[in-house]
Structure formats: structure tokens, C-alpha cells
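Numbers here are sequence positions counted from 1. Because the structure is a prediction, the values reported are computed rather than measured.
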Amino acid sequence: MAARRTTALAGTLVTLVVGTSALLAPPASAHGRGHHLDPDRFAQQVTTRGVWRHLEELQRIADRHDGNRAALTEGYEASARYVERTLKKAGYRTTRDPFTFGLEVVDAASLTLSTGESYAVDQMQYAPNSPAGGVSAPASVPVDPTGCTPDAWGDVETAGTIAVVSRGACTFAQKAVTAEAAGAVGLVVYNNVEEMLFGTLGEEDLVSLPVAGMGMADGLAVVETVTEGGATLTLDTRFHEEERTSFNVIAETKAGRDDNVVMLGAHLDGVEEGPGINDNGSGSAVLLEVAVQLAKHKKHNNTVRFAWWGAEELGLIGSTEYVNELATKPGELDRIATYLNFDMVGSPNYIIGVYDADESTYEAPVDVPEGSAQTEAVLTDYFDGIGQPWVDTEFSGRSDYQAFILNGIAASGLFTGADDIKTDEEVALFGGTPGIRHDPNYHTADDDLANVSRTAIGIMAPAVAYATASLAHDTSAINGVSGPGKPGHHHGPGKPGKRHGHGPGGEHRQLERAA
């Protein structure tokens with residue numbers, strides 16, 4: 001799951017440059033039509049052992065390629081080749097869907113004190129570059145550490161200073177606007193948890209001063225130095241863009257009607273910091289095993305299309321480019337009945353989370369496309385049917401379903417947790433340890449095979465299989481389409497996949513990181 005500042009809204013994503021025309025999916029053809037694929041039986045076919053074999057191979061790939069499988073690396077290429085070989089052996093024809101984009105290359109990211117200390121920082125998304133060599137100025141710290149309003153600064157002199165404030169209470173954008181209005185020439189926001197702060201201002205040209213995030217311990221150390229004796233700070237945050245090309249891996253079943261496609265996806269890339277076995281080898285491996293087992297069933301009503309997304313960790317780029325390209329081809333988006341996303345489904349301190357498309361727990365910060373609540377119900381009905389506790393997770397677009405929902409396609413998905421802290425209530429439902437993150441090794445070198453919970457995989461993999469089989473048979477609750485049919489022959493009310501009133505718009509996954 002991405003958490004970098006390059007993540008942005010579809011349409012404002014870090015300058016995407018459409019290059020080679022993408023091969024989005026195998027051409028439409030008259031697939032076989034057929035009988036009921038039993039979801040309960042199919043759920044039993046997708047086993048933890050089968051998924052684990054794929055995870056072991058992804059770990060071996062990372063081990064052979066500098067310890068990671070990040071986009072634009074040989075580790076990612078090797079991961080894709082493994083997926084392609086496995087799918088080909090199962091009988092699929094795979095396609096590589098290329099995309100070209102502007103990659104942000106960091107030139108400088110540091111905060112240096114006149115007392116000699118130097119700290120790593122991260123330039124916030126949409127913040128301007130500092131001058132070459134950085135901006136140097138005395139430091140200021142507000143009376144209210146969050147620095148959200150002019151009153152937070154009291155009598156502290158801020159003009160001509162680099163302001164140092166804490167995360168919390170308001171958005172990063174508000175902190176930046178407040179600091180600049182008070183005359184600050186730079187802003188550093190330190191985290192309120194023990195990790196680097198990767199933030200966003202939400203829009204371009206909001207302020208003219210450089211803005212950066214940093215870890216809590218480093219930030220508190222800077223505050224201590226400043227309050228005890230003062231210091232001059234030099235904030236140097238600069239990047240430039242370079243054009244890069246990566247690809248998604250796409251495959252779909254030979255069986256099923258072409259005018260009603262069920263799509264499932266997981267991002268294949270990880271972060272540079274580690275092997276990325278939970279994030280997101282887990283989702284990729286579950287999806288791969290579901291595809292392998294589904295290939296053994298030669299007849300089902302609807303086409304099932306699988307996607308292993310590239311460059312998710314650089315800002316949801318592969319999935320966004322795929323959907324945006326589909327949108328240029330008449331009728332292609334209408335063919336997709338629903339999309340299910342699987343990003344981190346093996347967290348060691350797991351929850352069993354389902355995207356809250358019906359907003360029964362969380363009000364979504366995005367428009368929820370019609371049919372999403374019904375897609376969620378396929379997953380929750382399965383868990384209820386086997387007596388498995390589950391909880392809602394916010395339907396926020398914080399992964400590769402973002403581009404689908406922004407284009408009005410119904411969606412839901414599963415999630416076992418990332419950097420949120422596990423509560424006592426969650427422990428009562430799922431076991432584990434309260435007070436620590438769902439994945440303590442999220443985006444670190446320790447996100448390896450030992451970081452994945454077999455128990456979580458054993459719960460989630462059959463759920464993915466059940467949902468796949470259910471929707472391969474019938475999507476009538478989602479879009480009114482049921483039964484076998486020939487291409488162009490639609491059953492039930494309305495055109496398959498037709499959306500009503502929800503186009504692009506809304507906020508993206510950085511919403512919960514913007515304060």
C-alpha cells in the first residue's frame with residue numbers, strides 16, 4: 001500500500017505522460033457460457049499452502065534482487081515474469097500493459113542545524129522546491145505545537161523563520177498557510193508517531209515556502225535544541241522529474257460473457273526499503289492462486305479479469321493509467337461490472353477488514369459508485385456465513401481501486417491493516433497485540449515472509465475465492481445482469497455496468513494523512 005507523497009488524485013497525479021498505447025486486455029471474443037460455479041466449494045480450493053508457495057517465490061525473488069521488488073527494478077521484472085509463467089502454465093494468455101510517467105527524483109531532503117545536527121526530511125507533495133543549497137533562517141516553535149492558527153503562535157516571532165510544528169489538529173495545508181501568513185520562510189512538520197512523515201498539501205501553488213515532514217523523535221530533538229538555546233536551520237528539499245516506463249500484468253478467463261466483466265486486482269510492486277511480502281506480495285499471491293484454481297473451471301457466466309498493478313507505491317500509477325486509457329475507448333468501462341481490490345491481506349497483527357462501501361461505519365470521503373455496497377455484501381455475507389468476525393475499513397480510495405471509483409465503477413475489497421494501531425476491541429475480535437500497528441513492519445526491510453500471518457491468509461484467501469466464484473456466476477445485485485449471454489446481449493434492467501451520476505471527483509487516500 002502506497003504511502004508516499006507522490007500519491008495524488010486521478011487527474012492531478014504526479015505528471016503522468018501517456019506513452020506507448022497500452023494493451024489493456026485481451027480483445028473481446030465469444031467466451032464459453034455455462035453453469036453454476038459453486039462459491040463454497042471454490043473457496044475450499046484456494047488454500048493457504050497454495051498461496052504460500054507464491055509468497056515463498058516472491059521472497060526468493062527479493063533476495064536475489066537487492067532485497068526488494070520495487071517498481072522499475074529487476075526485482076519487479078522478476079516478480080512479473082513469475083506471475084506470467086504461473087498464469088501461462090494454468091492456461092491463461094497474459095498481456096503487459098505499459099505506461100509512461102514522470103518519476104520524482106529527490107535531489108535534496110535534509111534539515112541541518114547550526115549546532116551541527118542533520119536530519120532526514122521528506123518534501124511534502126505539492127510543496128515547492130527550496131533554493132539550491134536550501135533556505136537558512138532562525139527557527140520558531142509555536143506555543144500550541146500544532147501551529148494551526150495565528151493564535152497558536154502567541155507572541156512568538158515567526159517572520160523570517162523556519163517554523164517547526166507538530167502533526168495533528170488540522171491539515172498540513174492549513175499549517176503551511178498559517179505559517180506563511182505569519183512570515184515564515186519554511187515549515188517543518190514532525191510526526192506524532194515513530195516514523196517519517198510523508199504528507200501532502202493537497203493542491204499545487206498553495207504556498208511559496210518549502211514544506212517538509214520528519215519523524216517524531218527527530219522533530220522533538222529539533223524543538224528541544226531550539227527552545228533551549230536557539231539555532232539556525234537550513235531546510236533543503238528539492239526534486240526533479242524524469243520519464244520512466246513500467247507495466248501492469250493483465251489476464252482474463254476464457255470462460256464467461258464478454259459484456260459483463262468482474263475485475264480483481266492487487267499491486268505487484270513493493271517499496272524500495274524491503275521485500276514487500278505483506279505489502280503487497282500477500283494480495284498478489286492470493287490473486288494468483290485464485291486465478292490458477294479458477295482456470296480449472298471451464299464454464300461460468302461472467303468473464304473474470306485479473307490485474308497485477310505496477311508502480312502503486314509511486315502513486316497508484318499503473319491502475320490509474322489503465323482505467324484512464326479504458327475511459328478513452330467507448331464502452332470499455334461499461335463492460336466492468338465491479339472491481340475488487342486486495343492490498344495487504346496477511347498483516348501479522350491483523351484485522352479482517354472490508355471496504356465500507358455502504359458507509360455503515362465511516363462516511364466515505366469520495367463518491368461511492370452504485371453497486372459498491374452490493375459488492376461489499378458479497379464479502380461480508382461470506383464472513384457472516386462462516387461465523388468470521390470482520391470490521392469496516394474506510395472506503396477512501398487508498399489503493400488501486402481509486403481510479404475505478406473515480407470513474408463510477410462499483411468496488412470493494414479486503415484489508416488486514418497497515419500502520420493503524422490495533423485497539424482492544426479489535427483484539428477481542430481477532431486476537432493479537434493492542435497498542436501496536438496492524439503491520440509493525442509496514443514499508444520496512446522487515447516486510448519479509450516472516451511478516452505474513454498464515455492465519456490471516458487462511459481467512460482472506462477463501463473469501464477472495466468465494467467472492468470471485470459468486471460474481472463469476474451472477475452480478476445481478478450489482479448491475480442487474482445475470483445468467484449466460486452472448487456479447488452485446490444484456491440480461492436484466494439497463495446496460496451492464498452502467499453507472500448513474502458518479503463521475504471523477506472526491507479526495508484520495510492521503511486524506512487521513514493530511515493532518
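- Side-chain atoms of D97 never come within 3.5 Å of backbone atoms of V249 as a donor-acceptor pair (strictly under, hydrogens ignored).
- Under a 4.0 Å N-O distance rule, the pair E57/R60 qualifies as a salt bridge.
- Between F415 and Y355, the ring center distance fails the sub-6.0 Å criterion.
- Inspection of the S166 and N192 side chains reveals no N or O donor paired with an N or O acceptor under 3.5 Å.
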| task | Take N349 and S347 through the test side chain to side chain contact (heavy atoms under 4.5 Å, CB included) and record every step on the way to the result. | result | CA-CA 6 Å; N349 199 30; S347 306; over 6 Å; no

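- Heavy atoms from other residues, nucleotides or ligands lying under 6.0 Å from CZ of R41 number 12 at most.
- A side-chain donor from one of D63 and Q59 sits under 3.5 Å from a side-chain acceptor of the other.
- Using modelled atom types and a 3.5 Å distance limit, the side chains of N278 and D439 yield a donor-acceptor pair.
- Between Y322 and F404, the ring planes are tilted. Angles from 30° to 60° get that label.
- D218 places no side-chain N or O within donor-acceptor distance of the main-chain N or O of V222, the cut-off being under 3.5 Å.
- Aromatic ring centres of Y350 and H438 lie farther apart than the 6.0 Å criterion allows.
- One distance of note links CD of E272 with OG1 of T73; it measures 8.0 Å at 0.5 Å rounding.
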| request: Carefully, step by step, assess M344 and Y442 under the rule side chain to side chain contact (heavy atoms under 4.5 Å, CB included). | output: CA-CA 10 Å; M344 300 180 67; Y442 175 60; 3.7 Å; yes

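- The environment of CG in D381 is crowded: more than 12 heavy-atom neighbours from other residues, nucleotides or ligands sit within 6.0 Å.
- Under 4.0 Å is where a charged nitrogen must lie from a carboxylate oxygen, and between D419 and R398 at least one such pair does.
- When ring centroids are compared, Y401 and Y339 stay outside the 6.0 Å threshold.
- At most 12 non-hydrogen atoms from other residues, nucleotides or ligands lie less than 6.0 angstrom from CZ of R49.
- Counted by atom type alone, E195 and H443 present zero donor-acceptor pairs between their side chains at under 3.5 Å.
- Under 3.5 Å, the side chains of N302 and N260 contain a donor-acceptor pair of N or O atoms.
- A donor-acceptor pair is defined here as one N or O able to donate and one able to accept, closer than 3.5 Å; such a pair exists between the side chain of S470 and the backbone of Y466.
- Stacking of R96 on the aromatic ring of F247 is recorded, both the 6.0 Å distance cut-off and the 45° axial limit being met.
- With 3.5 Å as the limit, one finds a donor-acceptor pair spanning the side chains of T375 and T338.
- Using modelled atom types, no side-chain atom of K88 and backbone atom of V83 make a donor-acceptor pair closer than 3.5 Å.
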